[in-house]
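Everything below concerns the one structure shown next.
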Amino acid sequence: MDRAVVVVAAGSGTRLGIGTAKAFVPVAGQLMLARALAPLFTLASPTLVVVVAPSALLEDCRQVVASVAGAAVAYTAVVPGGTDRHGSVQAGLAVLPDSVTSVLVHDAARCLTPAAQFARVFDAVAGALDAGALDAGSLDAGAGAGAGAGAGAGVDVDVGGVVGFVPALPVTDTIKRVSGDVVVETVDRAALVGVQTPQGFPLDALRRAYALSAQSETDDAGVFQAAGGTVRFVPGDADAFKITTPWDLGRAESIVRSRSGSGAGGAADPAAPVRFGLGVDVHAFDAESPCRVGLLDFPGEPGLSGHSDGDAVAHAVCDALLSAGGLGDIGGTFGTSDPAYAGAAGDVFVRGAVGLLADAGLVPVSVTVQVIGNRPRIGARRAEMQDALSAAVGAPVAVSGTTTDGLGFTGRGEGLAAIATAVIRPV
Ligand code: CTP
Ligand code: MG
């Protein structure tokens, strides 16, 4: 096999903030990693696939790869990643056999990248290798500036004259150069593109570029150029965006849902009757626990007790979604004492409920949740909480808050309550 893809999936997903390695977060009911891998096994040319995973999740990763690859699992490998993307790419490149001539490096976080984009980048690399071979054939060895320098050059020389390819899209926003909070000037966007993955190179040249690299770059083309290589671009695809923040995750989920609907473009069937659900949850305060409410951290506030993270808001939303679908409740579905959910973030339950609804052919339309208690005060962070919950639900979530005028357990500051409603529709 002369083609390979290294999929880097060893990142922790700090900015996503779910507490699970990013590639192992579900996107509309299927793990991000599984979605990222699926197109690779539909490519016309046989392709080796190396997945670089967090070292603690190698076995989980192998299972995901096996389930997506089917019989092609024989042409896959899973290796542990490095401390940064740079190190993870190197770990992937290290295990490729020398029979590989073209390698693509791809972010698992760009999990909706279509197969056509992989094919486009592979074809560009193969075309450049063929052209290089032709040029080299028509010249005496060593003559001609850089021609055909891709294949077979020594391990310690730079990659001058070798060409790599990145998928790129034009920039649509007006871009400004700034200094502090001062806008200095408009940058000519005609000269700018946004760059995606997979990025493709001749394997031996990319290995040499990584071996030479002195500083960490944010992409492979940066490493390749630093070593003297030339990088060209081919058209990218809007679907190849990188999931970095909860908003990106919500965007990916709505794209998937809108395409999996029965009719063109519609996730929910507007003619089908809606269903309503109700969820209530209460947790007592526990000063020893970190405070997590509505999927947000509230540093310095007393936390909530519970088998999971005690996020009463997320649990009420989960219960509202389950009840709307007639799917029972959070305790019966996820097990209030199941060790698998010890300390689990509320997000896991909300996404789990959305996944179960999807399995039943149902999608959330909207959710409301009211937080009842003296603290934490949610007013200043209402928009943020709505965004985080909306990303998990895949539909708008409205958050409101109230106290109980000093009455009852919430008024006495003993605990926090939340009441949620959900509206769902058949797909
Ligand atoms: N990556 C990796 N090894 C690392 C860091 C990142 O394989 N040590 C991968 C990620 O899994 C991802 C890609 O590189 O597919 C792009 O990185 P990024 O979007 O930054 O992902 P994370 O590092 O997981 O996210 P964050 O920076 O928010 O922690
Ligand atoms: Mg990162």
Side-chain angles (χ1 to χ4, degrees), residues 4-27 30-40 49-62 64-65 68 76-96 103-114 117-118 121 166-169 194-201 206 210 213 215-224 236-237 239-253 295-297 345 347 384 387-388 391-392:
V5 181
V6 172
V7 179
V8 283
S12 53
T14 318
R15 287 167 289 178
L16 196 55
I18 287 181
T20 306
K22 190 158 72 177
F24 294 83
V25 166
V27 178
Q30 197 184 0
L31 294 189
M32 193 180 298
L33 178 60
R35 290 195 183 277
L37 293 174
L40 300 179
V49 176
V50 173
V51 182
V52 187
S55 43
L57 293 173
L58 289 185
E59 205 36 55
D60 304 62
C61 185
R62 283 194 188 101
V64 174
V65 173
V68 180
T76 66
V78 174
V79 297
T83 50
D84 58 9
R85 185 183 184 283
H86 193 93
S88 293
V89 174
Q90 280 184 301
L93 294 178
V95 299
L96 291 175
V103 64
L104 306 193
V105 181
H106 183 54
D107 293 335
R110 298 178 188 273
C111 69
L112 301 187
T113 305
Q117 181 143 317
F118 292 90
V121 180
V166 297
L169 286 177
V195 168
Q196 306 174 326
T197 71
Q199 304 191 346
F201 310 87
L206 188 63
Y210 266 94
S213 66
Q215 65 181 52
S216 201
E217 305 274 346
T218 53
D219 74 350
D220 315 290
V223 172
F224 194 71
D237 190 302
D239 283 353
F241 69 93
K242 184 157 74 73
I243 296 178
T244 306
T245 63
W247 188 89
D248 300 326
L249 182 58
R251 178 180 171 204
E253 297 202 307
L295 308 184
L296 303 184
D297 290 316
D347 188 77
E384 203 186 334
D387 286 350

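Ligands are counted one by one from 1 in listed order, and the atoms in each one are counted from 1 as well. The structure presented is a predicted model; accordingly, all values stated were derived computationally and were not measured.
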Using a strict 4.0 Å cut-off to heavy atoms of [X], name the atoms of ligand 1 that fall inside it.
| X | answer |
| --- | --- |
| Gly82 | 8 (N) |
| Ser88 | 2 (C), 3 (N), 4 (C), 7 (O), 8 (N) |
| Ala109 | 15 (O) |

Identify the protein heavy atom lying closest to [atom], giving its residue, its atom name and the separation to 0.1 Å.
| atom | value |
| --- | --- |
| atom 17 (O) of ligand 1 | Lys242 NZ, 4.5 Å |
| atom 27 (O) of ligand 1 | Arg15 NH2, 2.8 Å |
| atom 18 (P) of ligand 1 | Lys22 NZ, 3.6 Å |
| atom 12 (C) of ligand 1 | Val8 O, 3.8 Å |
| atom 24 (O) of ligand 1 | Gly13 N, 2.8 Å |
| atom 7 (O) of ligand 1 | Ala10 N, 2.9 Å |

Assign the ring pair Phe118 / His106 to parallel, tilted or perpendicular, where the plane angle (0 to 90°) is split at 30° and 60°.
perpendicular
If we only consider heavy atoms of Thr83, is any one of them less than 4.0 Å away from an atom in ligand 1?
yes
Quick one: does Ala23 get within less than 4.0 Å of ligand 1, heavy atoms only?
no
Judging by distance only, is a nitrogen or oxygen of [X] under 3.5 angstrom from one on ligand 1?
| X | result |
| --- | --- |
| Thr14 | yes |
| Val52 | no |
| Ala108 | yes |

Under the side chain to side chain contact (heavy atoms under 4.5 Å, CB included) rule, what do Thr76 and Val51 come out as? Steps first, then yes or no, please.
CA-CA 8 Å; Thr76 66; Val51 182; over 6 Å; no
Among Pro54, Gly81, Gly11, which one has a heavy atom closest to atom 6 (C) of ligand 1?
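Minimum heavy-atom distance to atom 6 (C) of ligand 1 goes to Gly11.
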Can any side-chain N or O of [X] pair as donor or acceptor with the backbone N or O of [Y] at less than 3.5 Å?
| X | Y | result |
| --- | --- | --- |
| Arg110 | Ala240 | yes |
| Thr197 | Asp107 | yes |
| Gln196 | Pro167 | no |
| Ser88 | Gly82 | yes |
| Gln117 | Asp237 | yes |

Using 0.5 Å steps for rounding, measure from the CG atom of Asp248 to the CZ atom of Phe241.
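It is 6.5 Å, given to the nearest 0.5 Å.
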Quick check for you: to the nearest 0.5 Å, what is the distance between Asp347 atom CG and Thr20 atom OG1?
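Taking CG in Asp347 and OG1 in Thr20, the distance rounds to 7.5 Å.
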For ligand 1, is any non-hydrogen atom under 4.0 Å from [X]'s backbone (N, CA, C, O), its side chain (CB onward), both, or neither?
| X | result |
| --- | --- |
| Ala9 | backbone |
| Arg110 | neither |
| Asp107 | both |
| Arg85 | both |

Does some side-chain heavy atom of Val105 sit less than 4.5 Å from a side-chain heavy atom of Leu206?
yes
Under 4.0 Å from atom 21 (O) of ligand 1, is there at least one protein heavy atom?
yes
Hey, are Arg85 and Asp220 close enough for a salt bridge, meaning a charged N less than 4.0 Å from a carboxylate O?
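Judged by the 4.0 Å cut-off on N to carboxylate O distance, Arg85 and Asp220 do form a salt bridge.
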Nearest heavy-atom pair of Ile243 and Cys111: which atoms, and what distance?
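Taking Ile243 first and Cys111 second, the nearest heavy atoms are CD1-SG, 3.7 Å.
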